[in-house]
Amino acid sequence: MNRREALHIMAAMPASLVPASLVPASLVPASFVPGDWPARQPAPDSFAFPPDFKFGFSTSAYQIEGAVAEDGRSPGIWDVFCHTGHHIKNGANADTACDHYHRMPEDVALIAGAGVRNYRFSVSWSRLYPELNGPANAKGFAFYDRLLDELHNQGIAPWLCLYHWDLPQYLQAQGGWTNRDTAYRLAEFTDRVSRHFGARIGHYMVFNEIAVHAMLGHGLGFHAPGLTGADNWMSALHHMNLGQGLAVQALRANVPAARIGTVASVEPVRPSTPAPADVKAAMLLDAMWNGAVLDPLFLGRYPHLVADDFARWCRDGDLATCRQKIDLLGINYYNRLHIQHDPKYALDLFFGPDNDPARYHAMNIPMAPDGLYQTVMHVHRRYDGPEIFISENGFATVQDGKPGSGLEDDGRLAYLGANLQFLQKAVAAGANVSGYFVWSLLDNFEWDAGTKFRFGLVAVDFTTFRRTPKQSYDWYGALVRGHAAAQALQSA
Ligand code: FCB
């Protein structure tokens, strides 16, 4: 197949598969020069988002809390994964992580210090319910109650994510997400947690990234619980979709005044080469990463390409449960994915090289801020204009002493700035985007990468736990404050 034929095939692909090179030049901001932008630092006052646009920070329980055996918490799948085998870079674990459990007020002060008024965090299931069929752990709930008090005192709105990948080990012992029962367990957990916190929380998000947890944790085994194979990948994915639908129903019943949604990783998928096998692999991954999560939720069906494969796990009525009206969708966007045919892995596909001359950040991922525009517009068009917020977007550095790797993280703020420019473009094109949350407040435990990759706008010394804001923290703070000031002027 020659390049022209390949482009023909791509023209018939879902929007999320369309290469960036086909995005009309008129949609690319003038200040963006591909390949050149990391040297630029968009001034914090060069943005203009809608007046009620919300800026925030995102974190997750397992990545920051530590205190894994304190106050009654029992192990989750990540504790087990870290302490068995050699899964984590440099043998790291999250036993203490950022020690946020003991330093929470300092961290909330850092959010406030940047002028940020929205904070997305998750709760640790095994801290709240340490035993199978056991009672609530009062000390676990007390920790999050204190967090809510602290946020409230600092004028920061809490955005709670119920499940960010840390299933209790007692549920994994029963099959975890490959067991349909876990969907009902999530609904029960959501019911109890939302009864406890009720209207103190204005935004409830059910999941973080079903697609990633299904693929990396259950299909490829790089993440906890370390399962592999297409069957584990697909069954886990379907049961999470089902659990999500049930959890949304529980939230609607318990917190009718709250805004209810979920968070998905949505990213354009491209074949590494135009070879038919790679194109096929990319289409399949697009169906599994994007379509198999968003189609059931918004359209009540699986994408054609994989619908028959999911039929094994999908019982009558399941798709009606998966399909829920949500108030807003969180999109986590990091990069564009390049996929190639590779029979060594589940579904015969794996991540492949990006042949664009893009710059790479520390996780060896091509930086592609224009992909955020494509992603948002794809969701906007395919699902009929749902309200969207960017729930994660971030940039990793390795602290290797090289310029930009430490506190002078100008590459990070250039990257975030470029993403925000493309987001602004999507808003101008009519997408219903209401917020942007940076990943992440703190350098933290980056799953299988341990503490090698640092995403924080605030540096953490993992020996002393000292927090030091980076250049990007000041830049983001200036942007957020500037937005708030412009808003105040407008409403004056
Ligand atoms: C996302 C995860 C988040 C963090 C970032 C870098 O996929 O949701 O926890 O690890 O990647």
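Remember, it's 1-based here, ligands and their atoms both numbered in the order they're listed.
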With respect to atom 2 (C) of ligand 1, which of His223, Glu446, Glu392 exhibits the smallest heavy-atom separation?
Glu392
Going by the order shown, which atoms of ligand 1 are within less than 4.0 Å of some heavy atom of Trp447?
3 (C), 4 (C), 9 (O), 10 (O)
When you compare the side chains of Tyr334 and Glu392, does any donor N or O come within less than 3.5 Å of an acceptor on the partner?
yes
Should the pair His223 and Trp447 be assigned to parallel (<30°), tilted (30 to 60°) or perpendicular (>60°) ring geometry?
tilted
What residues, two or more places apart in sequence or in another chain, satisfy ring pair (Phe, Tyr, Trp, His ring centres under 6.0 Å) together with Tyr101?
Phe143
Heavy atom of Tyr334 under 4.0 Å from ligand 1?
yes
Per-atom contacts of ligand 1 with Glu209, taking only distances under 4.0 Å to non-hydrogen atoms:
1 (C), 2 (C), 7 (O), 8 (O)
Does the N or O separation between Ser60 and ligand 1 drop below 3.5 Å for any pair?
no
Can you sort out which atoms of ligand 1 are near Gln63, meaning under 4.0 Å from one of its heavy atoms?
3 (C), 4 (C), 9 (O), 10 (O)
Describe, in one word, how the ring planes of His203 and Trp159 are oriented to each other, choosing from parallel (under 30°), tilted (30 to 60°) and perpendicular (over 60°).
parallel
Between Asn208 and ligand 1, which part of the residue brings a heavy atom under 4.0 Å of the ligand: side chain, backbone, both or neither?
side chain
Ligand-side contact atoms (ligand 1) for residue partner Phe455, heavy atom cut-off under 4.0 Å:
6 (C)
Using ring pair (Phe, Tyr, Trp, His ring centres under 6.0 Å) as the criterion, list what pairs up with His483, not counting sequence neighbours.
Phe55
Would you say Asp409 and Ser472 are linked by a side-chain donor-acceptor pair, where the criterion is simply a distance under 3.5 Å?
yes
